[in-house]
Amino acid sequence: MAHGDITHIDIPVSDLGAATTFYSQLFGWSISEPPGFEGYPMWRAPNDLSGGGLAPRSEGFTQPRSYVEVDSIDDTIAAAIAAGGSVAMEKQPITETSAWAVIVDPDGNHIGLFDGVVSMD
């Protein structure tokens with residue numbers, strides 16, 4: 001994916017099992033927990049392009065969140081702050097070769113950032 005592409009969408013849920021059944025039946029999504037991602041079911045749409053995760057709902061995570069592929073999370077955070085945004089969640093590793101963070105735009109929208117490579121094999 002290229003800088004600026006939406007790469008992942010997390011959906012906050014209170015019951016992972018019920019949500020897995022709901023979304024797989026409703027949309028035909030393939031949902032599984034790849035090794036290393038236990039407790040975080042990931043979904044893939046029938047087009048094999050769109051995907052994301054079913055994440056536990058929490059006080060600060062109550063609406064779906066899109067993640068945008070960026071060349072550098074650090075540079076993107078700096079640019080967001082310079083443009084009037086803020087940081088909701090600092091950069092955190094996913095794997096040894098990938099990381100994520102969450103910024104907030106001037107209107108209060110939370111946007112996830114992703115950089116790196118994650119292998120699901």
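Atom set for the values below is all heavy atoms of this structure, side chains included, hydrogens, waters and symmetry mates excluded.
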Please check: side-chain N/O of Glu33 versus main-chain N/O of Gly39, any donor-acceptor pairing under 3.5 Å? yes
Heavy-atom nearest pair, Thr7 first then Val68, reads CG2-C, 4.3 Å
Worksheet item: Quick one: does Thr97's side chain have a donor or acceptor within less than 3.5 Å of a partner on Val117's backbone?
Response: yes
- Message: Just checking Glu96: does its CD atom have more than 12 heavy atoms from other residues, nucleotides or ligands closer to it than 6.0 angstrom?
- Response: no
Rounded to the nearest 0.5 Å, the CG atom of Leu113 sits from the CE atom of Met89 at a distance of 11.5 Å
message = Could you walk me through whether Val102 and Arg65 satisfy the side-chain contact (heavy atoms from CB on, under 4.5 Å) test, starting with their C-alpha distance in whole Å, then the side-chain angles of each, then the deciding distance to 0.1 Å, before giving a yes or no?
response = CA-CA 9 Å; Val102 179; Arg65 180 186 308 139; 3.7 Å; yes
In short, Asp115 meets Asp71 closest at the heavy-atom pair OD2-O, 4.1 Å
Are Leu54 and Phe61 linked, directly or through intermediate hydrophobic residues, by side-chain heavy-atom contacts shorter than 4.5 Å (ILVMFWY only)?
no
Does the pair Val13 and Phe22 meet the rule for a side-chain contact (heavy atoms from CB on, under 4.5 Å), with working shown?
CA-CA 11 Å; Val13 299; Phe22 177 82; over 6 Å; no
Tightest non-hydrogen contact, residues Gly28 and Pro46, listed as O-CG, 3.8 Å
Heavy-atom closest pair (Ile31 atom, Pro41 atom, distance to 0.1 Å) is CG2-CB, 3.7 Å
Check the pair Phe114, Asp5 against side-chain contact (heavy atoms from CB on, under 4.5 Å), reporting the backbone distance first and the verdict last.
CA-CA 10 Å; Phe114 170 85; Asp5 285 348; over 6 Å; no
Rounded to the nearest 0.5 angstrom, the OG-NE2 distance for Ser66 and His110 is 13.0 Å
query = Within the side chain of Asn47, is there an N or O that forms a donor-acceptor pair under 3.5 Å with the backbone of Ser50?
reply = yes
Shortest non-hydrogen pair, Asp15 vs Gly17, comes out as OD1-N, 3.1 Å
The reported gap from OG in Ser32 to CZ in Phe37 (rounded to nearest 0.5 angstrom) is 11.0 Å
Heavy-atom nearest pair, Lys91 first then Ala99, reads CE-CB, 3.8 Å
- Item | Hydrophobic cluster membership, Ile73 vs Val104, 4.5 Å side-chain cutoff | no
Side chain proximity check, Pro64 to Pro12, heavy atoms < 4.5 angstrom
yes
Once you measure the plane-to-plane angle for Tyr67 and His8, does it fall in the parallel (<30°), tilted (30-60°) or perpendicular (>60°) bin?
perpendicular
Under 3.5 Å, is there a donor on one side chain and an acceptor on the other for Tyr40 and Asp10? yes
### Query
Using the benzene-type ring in the case of Trp, are the ring centres of Tyr23 and Trp29 under 6.0 Å apart?
yes
* To do: Please lay out, stage by stage, how Arg57 and Thr62 fare under the test side-chain contact (heavy atoms from CB on, under 4.5 Å).
  => CA-CA 6 Å; Arg57 180 180 295 277; Thr62 60; 3.8 Å; yes
